[in-house]
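If you read the sequence from its start, that first residue is 1, and numbering goes on from there. The analysis underlying the following values was restricted to heavy atoms, covering all of them including side chains, and did not include hydrogens, waters or symmetry mates.
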Amino acid sequence: MGKSVPQCLGHLDLRKSVVGLATGAGAIYLLYKAIKAGLKCKPPLCTASPICIARECLLPGEGALPQEAPAPEASCVGRPKGLAIERERHGRDSGELRRLLNSLECKQDEYVRSMILHSITRCVYLLEAEASACTADDIMLVGDMLDDKDNSVKIQALNALKAFSGIRKFRLKIQEHSIKVLELISTIWDTELHVAGLRLLNNLPLPDYVHPQLRRVMPALMEIVQSDYILAQVQALRLLSYLAQKNDLLYDILNCQVHSNFLNLFQSTQPGSLLFEVLVFAERLSEGLNAPHYRTVKWHYNEQSLHAALFGDESRLADRLLALVIHPEEEVQIQACKVIVSLQCPQDLGPRQSSCQSSHSYFKSGE
């Protein structure tokens, strides 16, 4: 053959290098073609999958744009854009919310159901006319998702009901789910679920028939107040402040058992939003205690009750309130002063007397 072994090996290595370069270049070219094809590909306009509110859809009767033709930046002659929210602004129904509700009726996995409900919530907030055109059956459909075994679906269903509760005609229908929402809050320890459920309840007038269930879940609400999740604490305090104004629920709230460090909620180091809500709660309780109809009955409270922590003989609430009078946030200062006034002056004496009787005072005369 006329070639030495080293020469043959060198020739073979060179051939392998050339083949390798060619193979690498081919792979890079194929990758480039795949990326280019992916960039040109567009998602289908109408599918059964969850629909994003911000996705562009073609208007009825329009065909697809040629692939090479760029989408116009602005519509001509005042024609509305393809966004659902833009079409509603021009008085046209996008059908977005109706498609979502229809897709919710189909059998979907937990993730898809959660995403559909999330999109429904956005649609209700953004597409007011379409949301108002929904029916009581649609509310029931969303409410049925509260029985889903997946917590994320429950949370998104609560958020969707909260969105619908902003429409007056749906409130009575949503009220029917109040007992179920209270059950979820009291039996599932999930902070996101607590926040979603409490926000819904705080947006509804709770009917009297819910009061027995409220008594049963009172310990759970008090535990949420004493948790370390501020959003849930704030929402629970808002609900309890509302309930404290109900004559038949006041004693159940005051007799509820609390932790020995409950007054830590009144420390000046707490976030201003939490301090404000807990001070409003204390003011509502003080007003209820001083109401004539409540004082005519001799009530008995547990040793570790909320009443003992706030208004008992060994309570240090006065010290905490005086410290909050100089809090950096003005609304906290004002609310602390309101609580002090409500503690000093019984409700039936305060408006008629310039000074309050010392027998009702929680503060020393020097203070």
One pair to check against side-chain contact (heavy atoms from CB on, under 4.5 Å): Met222 and Leu240. What are the steps and the verdict? CA-CA 9 Å; Met222 204 60 68; Leu240 286 169; 4.2 Å; yes
Checking Val339 against Val280 for the side-chain contact (heavy atoms from CB on, under 4.5 Å) test, could you report, in this order, the C-alpha distance in whole Å, the side-chain angles of both residues, the deciding distance, and whether it holds? CA-CA 8 Å; Val339 179; Val280 170; over 6 Å; no
Worked verdict on Arg98 versus Asn102 for side-chain contact (heavy atoms from CB on, under 4.5 Å): CA-CA 6 Å; Arg98 177 50 52 195; Asn102 290 341; 3.7 Å; yes
Using the rule given for side-chain contact (heavy atoms from CB on, under 4.5 Å), can you reason through Leu265 versus Gln233, listing the C-alpha separation, both sets of side-chain angles and the distance that settles it, and then say yes or no? CA-CA 10 Å; Leu265 291 171; Gln233 288 175 285; 3.6 Å; yes
Kindly indicate, with the supporting measurements, whether the criterion salt bridge (charged side-chain N to carboxylate O under 4.0 Å, His left out) is fulfilled by Lys154 and Asp190. CA-CA 11 Å; Lys154 292 186 179 79; Asp190 183 296; over 6 Å; no
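Taking all atoms of both residues into account, the shortest heavy-atom contact from His293 to Asn247 is NE2-OD1, 3.0 Å. Nearest heavy-atom pair across Ala236 and Val225 is CB-CG2, 3.7 Å. Annotation for Met145 and Val153: closest pair O-CG1, 4.0 Å, computed over non-hydrogen atoms. For Ala309 against Ser315, the heavy-atom pair with the smallest separation is O-OG, 2.7 Å. The two residues Glu96 and Cys123 make their nearest non-hydrogen contact at CG-SG, 3.8 Å. Between Gln156 and Ser114, the closest heavy-atom pair is CG-OG, 3.3 Å.
Using a 4.5 Å heavy-atom threshold, the side chains of Tyr294 and Leu250 count as touching. Between Ile340 and Leu343, the closest side-chain pair of non-hydrogen atoms is not below 4.5 Å. In this structure, the side chains of Leu201 and Ile185 come closer than 4.5 Å at one or more pairs of heavy atoms. Side-chain contact between Gln108 and Ile116: present, with at least one pair of heavy atoms (C-beta onward) separated by less than 4.5 Å. Residues Gln333 and Val325 form no side-chain contact, since every pair of their non-hydrogen atoms from C-beta on lies 4.5 Å or further apart. Looking only at side-chain heavy atoms (C-beta outward), Arg320 and Gln267 come within less than 4.5 Å of each other. The side-chain heavy atoms of Ser241 and Glu283, taken from C-beta on, include no pair separated by under 4.5 Å. Put simply, the side chain of Phe170 reaches to within 4.5 Å of the side chain of Cys134, judged on heavy atoms.
There is no path of hydrophobic side-chain contacts, each under 4.5 Å, that joins Val142 to Tyr125. Transitive grouping of hydrophobic side chains (ILVMFWY, heavy atoms separated by less than 4.5 Å) brings Val297 and Leu254 into a common cluster. Under the 4.5 Å side-chain heavy-atom criterion for Ile, Leu, Val, Met, Phe, Trp and Tyr, Met140 and Leu101 are members of distinct hydrophobic clusters. One hydrophobic cluster, built from ILVMFWY side chains closer than 4.5 Å, holds both Leu200 and Phe164. Hydrophobic cluster membership differs between Leu231 and Val181, with clusters built from Ile, Leu, Val, Met, Phe, Trp and Tyr side chains linked at under 4.5 angstrom.
The CG atom of Leu306 sits 12.0 Å away from the CG atom of Asp252 when rounded to the nearest 0.5 Å. In this structure, Leu221 CG and Ile253 CD1 are separated by 8.5 Å, a value rounded to the nearest 0.5 Å. To the nearest 0.5 Å, the span separating CG on Asp138 from CD1 on Ile120 amounts to 8.5 Å. For the atom pair Arg171 CZ and Ser165 OG, the distance stands at 6.5 Å (nearest 0.5 Å). Rounding to the nearest 0.5 Å gives a distance of 12.0 Å between CG of Leu237 and CZ of Arg284. Here the straight-line distance linking atom CD of Gln235 with atom CG of Asn202 works out to 5.0 Å at 0.5 Å rounding.
Checked options Val124, Leu100, Leu97; the residue passing with Glu130 is Leu97 (criterion: side-chain contact (heavy atoms from CB on, under 4.5 Å)).
Judged purely by atom type and a 3.5 angstrom limit, Asp148 uses its side chain to pair as donor or acceptor with the backbone of Asp150. The backbone N or O of Asn261 lies less than 3.5 Å from no partner atom in the side chain of His259, so there is not a single donor-acceptor pair. Side chain of Asp109 to backbone of Val112: a donor-acceptor contact under 3.5 angstrom is found. Judged by distance alone, the side chain of Ser132 and the main-chain N or O of Ala129 form no donor-acceptor pair under 3.5 Å.
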Let me have the donor-acceptor pairs involving side chains of residues 270-279, under 3.5 Å, with sequence neighbours excluded, atom names and distances please.
residue: Gln270; atom: NE2; partner: Asn264; partner atom: O; Å: 3.0
residue: Glu277; atom: OE2; partner: Arg238; partner atom: NE; Å: 3.0

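For Glu329, the CD atom counts as densely surrounded, since its 6.0 Å shell holds more than 12 non-hydrogen atoms of other residues, nucleotides or ligands. At most 12 non-hydrogen atoms from other residues, nucleotides or ligands lie less than 6.0 angstrom from CD of Gln304.
Checked against ring-ring contact (aromatic ring centres under 6.0 Å, His included), Trp189 has the following partners two or more places apart in sequence or in another chain: His194.
Here Asp248 pairs with Arg215 in a salt bridge; the nearest charged N to carboxylate O distance falls below 4.0 Å. For the pair Asp208 and Lys246, the salt-bridge criterion is not met [side-chain N within less than 4.0 Å of a carboxylate O].
Ring pair Tyr301/Tyr251: centre-to-centre distance below 6.0 Å.
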